[in-house]
Engineer: 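Provided herewith is a single structure, encoded as structure tokens, for subsequent inquiry.
Quick note on labels: first sequence line is chain A, next is B, and so on, each numbered from 1.
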Amino acid sequence: MTESVSSGGERPLHLQLGLTDAELEEIVSILGREPNEIELSMYSIMWSEHCSYKSSRIHLARLPSEAPWVVVGPGENAGVVEIGDGLGAVLRIESHNHPSAVEPFQGAATGVGGIIRDILTMGARPIALADPLRFGPIQAETAGGPQGVTEAEAARNRYLVKGVVSGISSYGNAVGVPTVAGEFDFAPCWSGNPLVNVFCLGVMPLDHLVLAVAANEGDYALLLGSTTGRDGIGGVSVLASAGFDDAAASAKRPSVQVGDPFEEKRVIEACLELFEEGVVSGIQDLGGAGLTCATSETAANGGKGMRVDVAAVGRREEGMVPAEIMASESQERMLAIVAEKNLERASAICKRWGVTASIIGKVVPGDNLAVVDSSNEAEDVRGLGFESSELVPVAEVPAASLSEGPKYERPMGKPASIEAMRQDSPDSLGAGPPLADALMNLLADPSIGSAEWAWRQYDHQLFLNTVAGPGRDATVLRVKGTKRALSFSCDGKARWCELDPRLGAAHTVAEAARNVATTGARPIALVDCMNFGNPEHPEVMWQLSEAVDGIAEACRALDLPVVGGNVSLYNESGGRDIWPTPIVAVLGLIDGLTAPPPPMGWNESGLSVYLLGQTRAELGGSAWAWRHFTHLGGEIPMLDLDAERRLGELLRTLAETDADTRSSLISSVHDCSEGGLAVALAECCIEFGVGLAADLSEVGELESLEPHEALFSESAARAVVSVQSENEAALLAAAHHSGVTATYLGSTGGNRIALGMVDISLDEATDAWAGALERALR
Amino acid sequence: MSEQGGPLVAVIVFPGTNCELDVVWALDCAGGRGELVFHDVSDLSRYDGAILAGGFAHGDYLRPGAIARFSPVMDGLRELAQAGRPVVGICNGFQVLCEAGFLPGALQKNAGLTFICAPANLKVERTASALTSLCTQGQILENVPINHFEGNYTADEATLRSIEERGQVILRYCGPSGDTSEEWNPNGSANSIAGICNEAGNVVGLMPHPERAMEEITGSTSGRPLLESFVESARQSHGAALGVK
Amino acid sequence: MRSKVTVLIRLKEGILDPQGKAIEESLPALGYGGVESVKVGKVIEMIAEGADAAEIESRVRAMCDALLANPVIEDYEVELTAAREGG
Amino acid sequence: MRSKVTVLIRLKEGILDPQGKAIEESLPALGYGGVESVKVGKVIEMIAEGADAAEIESRVRAMCDALLANPVIEDYEVELTAAREGG
Ligand SMILES: Nc1ncnc2c1ncn2[C@@H]1O[C@H](COP(=O)(O)OP(=O)(O)O)[C@@H](O)[C@H]1O
Ligand SMILES: [Mg+2]
């Protein structure tokens, strides 16, 4: 926000700050008086969409969040689930969409920094990051991109992609948390409003769990880390919670924040040592709404009051007023609540790591957050305003009223266009281009082809946990000191959600869970990032509500508790709302990992290849229709959650590694998703450069399929496996036992991807797929 | 040497270092015993050798290793080096050793100007060093991860000539069959240099991360001969005189 | 005309400079006190060929906007020094 | 005396400059021809306090030798501009 809080302007201050008249009335009734300017600014940032979830809260409440293994569910900085051996896995997903649209490198970098602090705040060492990303097309229509995309637009999107990826690389690598997974998708709806979501995973001894509470009177509030500047002031309400066009984006430029991974690294190590020594009684990261949020939430959670002296806050800019200090979103800061007897130890630990720690507040009786400013007091009192009850606060409000915020039940309405879209079946498209061309095109599509260009720039091995790294259906990380491993996958299916947000969101969950199952893991928790358009549009609220129900339904069916998430609204591009883009991350647990799980592809000749699951004529919302016709219409594939569940269980049994032989029943496993069976088979060939001779005429025993349907249909609940001939009988028995159809497709070998109805060169396919993203970015 | 287990190795931690726990883990795999030593410690006399772990000491701000080289621990490292005990800098540690003048040359940004985290093949060019004594001349170590933005080894002509003549290059990037031509050079390093040593061979710097290639389950065991050589030379230098006695 | 061109690129006022900060913090320990507000920027030098000084300058400015600087967080300055051969 | 000090750090002649090379190679594709010998260096600015200009300059040179530049591959230049307050 560029206007200063005290500036008059013609419009009343509360409106300038983004509060409505009704919200102002609510504040007056809470306080029993008119708020002053500082109080008003504190309410405005805390009651922004980004901090208060005012439009989404009533819907999020419908997500199932309980399971016996959930230690901390939604509502805290991150979810915590028990994984055995006294350990907990800590997970969270966040978005940094709007900052990344303005400055892709720093926007993505500070997004990484922010999510890491959320994990750290629980008491855990952050051990892995993942970045699901969405951008506008990076190829103009003339270069094979979707219809209507100009070269200028594509060039801008390429700039955003490169900036975001190098921001993630630069910050993530330097801060010392490996980035082990990610995801790309491209479509016009994200042009100018990229989605930069970040997932972070931590592991901790459960007895180190710390919460964001200030429950003991007399404890001190220590601000750790970076100095406080004007950067990001109002970033929450302006950058993250309002749609913007190009002109406004330029006006907001000065509030761009720069990440300092070195400071964050020191903060991580210092905090882990503080936890190890048990010297903090509560801790909260400073993210959106800065000190206002951290102080009010810890006090409210502890049922206490807090007194904060802004004069004690170390600043890097001159002339900052209290409202600015309380609102600043300067990065790389944490608020630790420390008992007096532990102050010395805490300071010593911070000093050793070169982390500045200043006492800025104190836990006091009552339930108010009181802000004092002792900068003009005598020297012996200056910076110690939290100790004296004489100083008159410059702001004083009930702490809980800031963090609770309003709750809206915004009007909802099904988009008028949706029925027409669903009726526009892909049947009208005919058989499309020649099958070989279609397959090559899909492999070369940057949404489908290899993302190695990106993950080569990410340190994905640090901590020596990465057993299956980026590029796989799911990432597998061993948990050192135990026999266990964690597996996770991030997924989003926006095209499907645009056609049917409820079913599409449910599919998203199913796909992530299936990915995790291919590594032999049992899904145990989910976090979601709800990226949607303008909540003031009833269509968007309908999409959000439907998507929540879809996620809830799938989670219930698959026994998956939702342990946290994030909501990002006002994502618009060219005045149009983005496709509804819920992104989920599913975490799975492997109890005994003795060897890497089977790879996605086959690495030898002579293996038998089977398709598990059933194929229907389901091209609605498919990559095939989109890639060749920029067509989005028809019904999306059906979802049989029971079939997903049975397939998941089967995959787990098949992929499990035997402790003695250190091998599993199957030689490879890969699920079918974007691009259907043909793309899945091609990817299996590409991984180790071993071809396939198959016959797909048996595919689709339920209905007779056209060749392009057999190849590119995106029916759910399917996977491709390969087995040694001596294991075929066991595979078939296991599939039969799980009630999963297994169809023999052919056997591995050679240098062709020969699928009967189509036959392409493995070398050419490899080249198309491996260079897809890098070529498009040139 | 420690009572239990192998030689005791100081694993140096600067603020911003991030591979220290990995190096301790890998030393354990190689039969040594790593102990974290913070950069403010200057007496390393109880250690049989030292490894400067990778990461981003002081954020790599200004230049990688530029600020780190002023830490008190550098005195201790100098003493170890002079006493002939093995001192190895991995990645960021290599950058620190060059900045501090333990090793010639400097490391610049990769020729492709992007960070690279990828497997590389290495050819052993000299076996008389703390890191390669158990290797054979010309041995190819497959799939040893590299993970850096500034790993492009640079030196002026005269320096390059001198280190080549004195056989100070211990590892070069190569293809699967040992071809060290430009085609296999991932970062533009002069003469495809991946690692060098001092004349005595006890001070070594390399960009690749042998500690990431110690176990089948994480993808490669090609780092083992390197770290096992290191542990062996630490074992042999146990008790070597420190300073002028 | 051939001219040597120097472009100085600096972070805008108010934008955090982590490098400058790290250098400033480390100087006192190395015995170099009395220094503050350390900022790190880039200098790009090149030889440019053009019709005249004005034409060269405007072309280099366009290059700065498009590629050399990040206008969101950086300012730049372009200076032409005496026309000369070599770099 | 307080003075603003500017330090220019450049790669030595003959040392390959990957950044400069990358910029030089990408310019023609963006429609900016007629440019060669692109070199990228650093500019470090600071406010230094000292007895007089000579004392400040020699102290900054010492900082360059010790920390700011890497003598193996870099050269530097120190310039004191008008004494002034603020950064
Ligand atoms: N879509 C969602 N699904 C589940 N939980 C959510 C969702 N969005 C937000 N939450 C939960 O609401 C809480 C508040 O989120 P937020 O204010 O973004 O936290 P922080 O201030 O730490 O960034 C978190 O516990 C988060 O997990
Ligand atoms: Mg938080």
Engineer: Ser170(A) versus chain B, heavy atoms under 4.5 Å apart: side chain, backbone, both or neither?
Structural biologist: neither
Engineer: Might you point out which heavy atoms bring Tyr458(A) and Cys117(B) nearest each other, and give the distance in Å?
Structural biologist: O-CB, 3.2 Å
Engineer: Counting heavy-atom pairs closer than 4.5 Å to chain B, which one of Val476(A), Val177(A), Leu464(A), Val175(A) comes out on top?
Structural biologist: Leu464(A)
Engineer: Which heavy atom of Phe115(B) sits nearest to which heavy atom of Ser169(A), and what is that distance?
Structural biologist: CB-OG, 3.6 Å
Engineer: With rounding to the nearest 0.5 Å, note down the distance linking NZ in Lys265(A) to NE2 in His58(B).
Structural biologist: 13.0 Å
Engineer: Applying side chain to side chain contact (heavy atoms under 4.5 Å, CB included) to Leu462(A) and Cys19(B), what does each step give before you reach the verdict?
Structural biologist: CA-CA 7 Å; Leu462(A) 187 69; Cys19(B) 297; 3.7 Å; yes
Engineer: Quick check: do Gln461(A) and Thr218(B) have side-chain heavy atoms less than 4.5 Å from each other?
Structural biologist: no
Engineer: Pick one of side chain, backbone, both or neither for Arg662(A), based on which atoms fall under 4.5 Å of a heavy atom in chain B.
Structural biologist: neither
Engineer: Relative to chain B, which segment of Arg456(A) carries a heavy atom at a distance below 4.5 Å: side chain, backbone, both, or neither?
Structural biologist: both
Engineer: To the nearest 0.5 Å, what is the distance between CG on Leu21(B) and CZ on Arg125(A)?
Structural biologist: 6.0 Å
Engineer: For Lys483(A), does the NZ atom have more than 12 heavy-atom neighbours from other residues, nucleotides or ligands under 6.0 Å away?
Structural biologist: no
Engineer: Hey, can you tell me if Trp353(A) and Phe38(B) have their rings parallel, tilted or perpendicular (30° and 60° cut-offs)?
Structural biologist: perpendicular
Engineer: Atom OH in Tyr61(B), atom CZ in Phe262(A): separation rounded to 0.5 Å?
Structural biologist: 7.5 Å
Engineer: So which atom in Ala174(A) and which in Asn18(B) form the shortest heavy-atom distance, rounded to 0.1 Å?
Structural biologist: O-ND2, 4.2 Å
Engineer: Heavy-atom distance under 4.5 Å to chain A: side chain of His148(B), backbone, both or neither?
Structural biologist: neither
Engineer: Hey, which of His209(B), Glu211(B), Met214(B), Glu215(B) has the most heavy atom pairs under 4.5 Å with chain A?
Structural biologist: Glu215(B)
Engineer: Can you say whether Asp22(B) sits under 4.5 Å from chain A via the side chain, the backbone, both, or neither, judging by heavy atoms?
Structural biologist: both
Engineer: Where does Phe463(A) contact chain B at under 4.5 Å (heavy atoms): side chain, backbone, both or neither?
Structural biologist: both
Engineer: Under a 4.5 Å cutoff for heavy-atom pairs, which residue among Asp260(A), Asn173(A), Thr466(A), Val467(A) has the most contacts with chain B?
Structural biologist: Asn173(A)
Engineer: Under 4.5 Å heavy-atom distance to chain A, tell me which part of Phe149(B) shows up: side chain, backbone, both or neither.
Structural biologist: neither
